[in-house]
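Report on the following structure.
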Amino acid sequence: MIKRTPIYSHPLIDHLMEPEVQEAVLMIIWQITKEVEEVQEPREDYNDKQVVSEIMARCFIPTLVTSISWEAFHFAGHEIRITEAMDCYGAVVWPSALVLCYFLETNAKQYNMVDKNVIEIGAGTGLVSIVASLLGARVTATDLPELLGNLQYNIFRNTKMKCKHLPQVKELSWGVALDRNFPRASNSFDYVLAADVVYAHPFLEELLLTFDHLCKETTIVLWAMKFRLEKENKFVDRFKELFDLEEISSFPSLNIKLYKAMKKNRRSA
């Protein structure tokens with residue numbers, strides 16, 4: 001039996017109803033109140049917070065202070081140590097990268113990386129490329145020339161003797177010398193990975209051109225993006241002109257969305 005509390009007590013109920021009936025009425029009131037409380041925090045928001053909490057728990061800062069600062073991440077059954085460069089946006093691990101790594105790990109059956117040809121654009125610190133490599137992919141990690149040293153260092157230290165295929169690191173400036181450095185005839189990427197490559201920079205058209213150049217009709221783009229400014233929305237609209245875009249996950253608390261995209265059939269586009 002439910003113990004009655006003042007919030008559910010009412011003189012009219014006490015006067016008119018037998019104790020057993022009072023208890024039944026109070027039970028109904030309690031159930032309705034409970035359902036209202038559950039509605040007040042939508043299930044979607046609860047799931048978002050739960051998953052985001054799990055994603056962020058994959059990262060920890062070491063207690064041992066060394067001359068080189070690094071962060072550790074747990075993905076694909078390994079501890080991954082990443083060295084960042086705080087003076088450069090491209091050499092920092094952003095939440096979108098964690099979201100994409102978590103997705104690759106937890107959806108490894110549906111999006112099987114084993115022996116797949118994978119390229120990451122804007123690889124930054126290399127975390128996403130490392131996770132894809134640990135999951136069995138043939139990975140090419142790309143970024144601007146000034147970021148390649150740190151990128152190579154992180155990838156080498158975290159994949160040596162651990163991966164089926166040794167990852168490659170290549171320079172890729174969006175929209176520059178694409179035919180020479182990544183000939184369409186030899187492009188055979190099963191996946192293009194991208195995390196937080198769209199932000200307030202003047203190279204969005206070049207980025208779109210790069211996406212288009214690297215993809216064949218069978219290539220799957222997995223792209224995590226944090227929405228900050230109107231430019232992100234405009235880029236998504238431009239992207240949809242060339243690609244079929246599907247939102248496969250959303251994290252409102254991080255303002256991040258995860259997309260899957262494939263090239264539109266040219267004849268029907």
Side-chain angles (χ1 to χ4, degrees), residues 51-62 69-85 89-143 147-170 172 189-198 211 214 219-226 248-251 254 256-261:
V51 174
V52 166
S53 176
E54 184 175 342
I55 291 172
M56 294 308 168
R58 300 301 185 93
C59 169
F60 72 89
I61 300 174
S69 61
W70 53 274
E71 285 186 281
F73 302 85
H74 288 285
F75 288 108
H78 292 269
E79 178 184 290
I80 302 168
R81 296 189 177 189
I82 295 292
T83 299
E84 299 180 319
Y89 288 137
V92 176
V93 176
W94 298 101
S96 292
L98 300 182
V99 166
L100 186 50
C101 289
Y102 180 83
F103 179 82
L104 293 176
E105 179 189 70
T106 55
N107 293 272
K109 289 185 178 179
Q110 183 177 0
Y111 297 93
N112 185 6
M113 294 281 119
V114 177
D115 296 332
K116 298 297 192 299
N117 291 319
V118 175
I119 186 168
E120 183 187 6
I121 61 175
T125 62
L127 179 60
V128 173
S129 288
I130 291 165
V131 171
S133 296
L134 292 171
L135 291 172
R138 295 185 182 91
V139 175
T140 302
T142 70
D143 215 314
L147 299 176
L148 297 187
N150 189 60
L151 175 59
Q152 178 71 71
Y153 172 74
N154 282 328
I155 285 182
F156 181 77
R157 76 186 292 201
N158 288 289
T159 61
K160 183 181 180 183
M161 308 298 291
K162 298 177 183 178
C163 295
K164 186 176 182 181
H165 308 287
L166 183 66
Q168 303 297 310
V169 175
K170 289 187 68 174
L172 174 54
F189 298 116
D190 300 295
Y191 291 94
V192 173
L193 306 179
D196 226 3
V197 293
V198 181
F211 270 122
L214 295 174
T219 303
I220 296 174
V221 177
L222 295 175
W223 164 31
M225 182 169 73
K226 182 177 179 67
I248 54 178
S249 197
S250 178
F251 303 90
L254 296 175
I256 291 173
K257 292 185 178 182
L258 181 62
Y259 293 108
K260 171 187 174 182

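Each residue takes its place number in the sequence, starting with 1. Computation of the quantities below employed the complete heavy-atom set of this structure, encompassing side-chain atoms and omitting hydrogens, waters and symmetry-equivalent molecules.
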Which atom of Leu100 lies closest to which atom of Ala195, heavy atoms considered: CD2-CB, 4.2 Å
Test side-chain contact (heavy atoms from CB on, under 4.5 Å) on Leu127 and Leu98; report intermediate values, then the result. CA-CA 8 Å; Leu127 179 60; Leu98 300 182; 3.7 Å; yes
Would you sort out whether Leu104 and Leu222 count as a side-chain contact (heavy atoms from CB on, under 4.5 Å), showing the intermediate values? CA-CA 9 Å; Leu104 293 176; Leu222 295 175; 3.9 Å; yes
So, for Val93 and Ile82, which heavy atoms are closest and what is the spacing to 0.1 Å? CG2-CG2, 3.8 Å
To the nearest 0.5 Å, how far apart are CD1 in Ile130 and NZ in Lys162? 9.0 Å
Distance (rounded to the nearest 0.5 Å) between Leu166 CG and Met161 CE: 11.0 Å
Out of curiosity, Leu258 CG to Phe251 CZ, how far, rounded to the nearest 0.5 Å? 6.5 Å
Heavy-atom pair of closest approach, residues Ile121 and Ala194: CG1-CB, 3.9 Å
Would you call Asp115 and Lys164 a salt bridge, taking side-chain N to carboxylate O under 4.0 Å as the test? yes
Rounded at 0.5 Å granularity, tell me how far CZ in Phe189 sits from CD1 in Ile220. 15.0 Å
Could you check whether the rings of Phe103 and Tyr111 sit parallel, tilted or perpendicular, using 30° and 60° as the cut-offs? tilted
To the nearest 0.5 Å, tell me how far Glu84 CD sits from Trp94 CH2. 9.0 Å
Sidechain-backbone polar pair: Thr142 side chain, Glu120 backbone, donor-acceptor under 3.5 Å: yes
Measuring from Ser96:OG to Lys257:NZ, what's the distance to the nearest 0.5 Å? 12.5 Å
Of all heavy-atom pairs linking Val92 and Thr125, the shortest is N-CG2, 3.6 Å
Step by step, would you call Leu254 with Ile55 a side-chain contact (heavy atoms from CB on, under 4.5 Å)? CA-CA 11 Å; Leu254 296 175; Ile55 291 172; 5.7 Å; no
Pairing residues for Arg58 by the salt bridge (Lys or Arg N to Asp or Glu O under 4.0 Å) criterion, not counting sequence neighbours: Glu54, Glu105
Verdict with supporting geometry, Phe156 and Val169, side-chain contact (heavy atoms from CB on, under 4.5 Å): CA-CA 10 Å; Phe156 181 77; Val169 175; over 6 Å; no
